[in-house]
Amino acid sequence: MGHIVGVVVGVDIGNSTTEASAARISADGTVTYLGSALNATTGVKGTVDNEDGVVAAVREALRDGGIPLDEVDAVFVNEATPVISGLAMETITETIITESTMIGHDPRTPSGCGLGVGVTAGIDDLPDAAPGDAVVVVVPAGRDFEDVANSIRAAQVRGVDVQAAILGTDDAVLVVNRLDRPIPVVDEVARVDAVPLGMAAAVEVAPPGRTVTTLSNAYGLATVFALDADETRIVSPVARALTGNRSAVVVRTPHGDVTDRAIPAGTLALHGGSRRTTVDVGAGAVAIMEAIARVAPLADVSGEPGTNVGGMIAKVREGMAELSGHALGDVHIRDLLAVDTTVPREVRGGLAGEVTGENAVALAAMVRTRDSGMRRVADAVAVALADAGGRARVVVGGVEAEMAVRGALTTPGTDTPLVVLDLGGGSTDAALLESSGAIHSVHMAGAGDLVTKLISAELGIDNLEVAEEIKRNPLAKVESFFHIRLENGTVQFFPEPLPPEVFGRVVTLSGDRLVPIPTRHGLDRVRVVRRSAKRRVFVVNALRSLAAISPHGNLRQIDFVVLIGGCALDFEIPDLITDALAPYGIVCGTGNIRGTEGPRNAVATGLVAAHVELSALAPDVPAPDVPAHA
Amino acid sequence: MRERTVPPTVVVLCAAPTASAREVLAGIEEEGVPHSVHTVDGDGQDAVTLAHRAARLSPLDVGVGVDEHGRVCVHHTKLPAASPVELSTRAPGEARRLGHNAARVVVGIPLKPPPDPRTSVHNTGPYNTKGE
């Protein structure tokens, strides 16, 4: 096939979107871009399921340019880099309370104020208490608050020293309001039936806006329970666990304790080009990434058999083998990104659903597979277009990274040496175009999907759809039925009342909709988690990939970085990356393909531009199909 | 003439003294918000109408209506009469939950959701701010 004069369409099949660029090439080689399109990718990238998405994108681009299908001479499909990615997350610490020795869930409406110390007794046993006995009353759920108050008052009248109360139901305010003398009361204890009876206990409630001071102090516990130095040392984790609470309960059980246990997660075996090493996942992301750097370039990763991380990596490899249709032995993890994170988890042995932040490590893995399957896709598309009345040849075009770089160069203000950073869902890809014309590319694990997973895990919402909304959209707090306050402080008013399920909640502004976020955290905390997740994935990977392809690993040798791909449209990610690259003297910004398309359509445009370039070099020689890359 | 100040309360209007009414008051009290309760002559007014009347009587703009069947409604003066904050069936625990929510509207924190989506008139999911 020689120099095509006529209409061509370049198509980029991505993991989530398929983009097309239609252009007319004239006899002297001038290219006029006529239309573009962006659709969802159908099926998994590199499989014949992509056919529908490709055909739709081609037709949409032609419609956009007002060109009939039968005028198209050729369709170029990208030689997709055969890369797929997987994600996993593993907690490496856990907190356990033994013997139900403390309650630290910090309910919203405790009551009373101060410290109460006594022996725990069930409310039905109160009549048996003798005058002068110091008692902490334990009340099962389902008791009426009037009855509870009456029982306590009756005991107090008899001279029983009722010091405090622990309630199963959310009734603390109601009970205290009906007593003659207020006592500290902690309520909403879901497993109140497990509170040990007949043991010394202390209940502390701080005034509104303040936190407990005695039960969160090891020496306070020592005073209350008359502990010696050794006993104080043993009980000090309980005090630490209760700091920052407005209310707390400690029961003096014989061997009760709260421990922060490291979960033996296992080790990763990292195989590099010429070196091997192992690293304990429990050592955290920084240690893992340092170990990876020591054996770079990474050839494969496996997890210690019989451990959590071993199971995790095996699952990732199995998933990828299935996705790519390869044998397990042909799946090689070529890049790994480890990210430290904190995940809210219920405390084991907690009496009231206490939740604490446990350390965890998130892993994104990238697998290089044998071939991309694009040849089969191209054949299927050719048949489909012919059926629809077209006559175009479908050609697998050049290497994706090279096409991306050519497309990015159409951004006004760019010049070589230029790096294109493709911020996708599964991987972060970088390609360097040197002034000599040489192109180098690299693919990093960790991209948009990992950001979403981090947001979902760290906020404890366990819902990837809501996490995706949080990633993509600004936040607001619903302050009344008619107005919300956005994260930047501006207020938005609604003429129609907002529904009850968003009242008082942190929401995302998702287009026309307000999506409530199921979290107890305030807006600022959600915002911090969102931005931190983006930084820990995309800023880290921008620096990692630039270090991997810069001449001599020196980022100062790069003048221009162009950001493309879905996450380049994010309202924060490009700024975070640009700020991180500024110290290296790099001009960085979101691409504007052909001055009109923004960060979209780089590969599709590049496919057209590359064809013209290649055929201009040898106009009489048939340009070969680019062979599949191993 | 000295102006008589009206204390800031959530106003609860009951068509008849029912167990529901007591639970509603308990919910408001547990949230730490003052309430005032009145039994009105049962001319068969439904919970929504009672709630809207109550809201207009409340300096905090929030009212609760409890009809003679124990059905509970939470309303706000700024909402259309036919679109209250929340309306319950007679399922157990509902009256108490709506009492909490009436107080939460006053203090501006998220409402307690129904344990079972079928026990009250509440749509869940994202809200479209433009018309369907």
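In what follows, chains carry the letters A, B, and so on, assigned in the order in which the sequence lines appear, proteins first and then strands, with residues in each chain numbered from 1.
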Inset, instruction - Taking all non-hydrogen atoms of both residues into account, name the closest pair between A:T109 and B:E30 and its distance. - result: OG1-OE2, 3.0 Å
Inset, instruction - Could you grab the distance from atom CZ of B:R22 to atom CD of A:E146, nearest 0.5 Å is fine? - result: 5.0 Å
Inset, instruction - Please list, chain by chain and in numerical order, all residues satisfying salt bridge (charged side-chain N to carboxylate O under 4.0 Å, His left out) with A:R108, sequence neighbours excluded. - result: B:E31
Inset, instruction - Kindly give the heavy-atom pair with the smallest separation between B:R96 and A:D170, and that separation in Å. - result: NH2-O, 2.7 Å
Inset, instruction - Take atom CZ of A:R520 as the centre, draw a 6.0 Å sphere, and report whether it contains more than 12 heavy atoms from other residues, nucleotides or ligands. - result: no
Legend entry - Among the listed options A:V506, A:D187, A:V507, A:D171, the residue most often paired with chain B at heavy-atom distances under 4.5 Å: A:D171
Legend entry - residues 175-184 of chain A: residues contacting chain B (heavy atom under 4.5 Å, by number): A:N177, A:R178
Legend entry - Contact class of B:V107 relative to chain A, heavy atoms under 4.5 angstrom: neither
Inset, instruction - Enumerate by number any residue of residues 474-485 of chain A whose heavy atoms lie under 4.5 Å from heavy atoms of chain B; in the absence of such residues, state 'none'. - result: A:K477, A:F481, A:F482
Legend entry - Exercise: identify the closest heavy-atom pair between B:L111 and A:F503: CD2-CD2, 3.9 Å
Inset, instruction - Answer yes or no: is there a side-chain heavy-atom contact under 4.5 Å between B:P110 and A:R505? - result: yes
Legend entry - Part of residues 75-82 of chain B lying next to chain A, heavy-atom separation under 4.5 Å: B:H76, B:K78, B:L79, B:P80
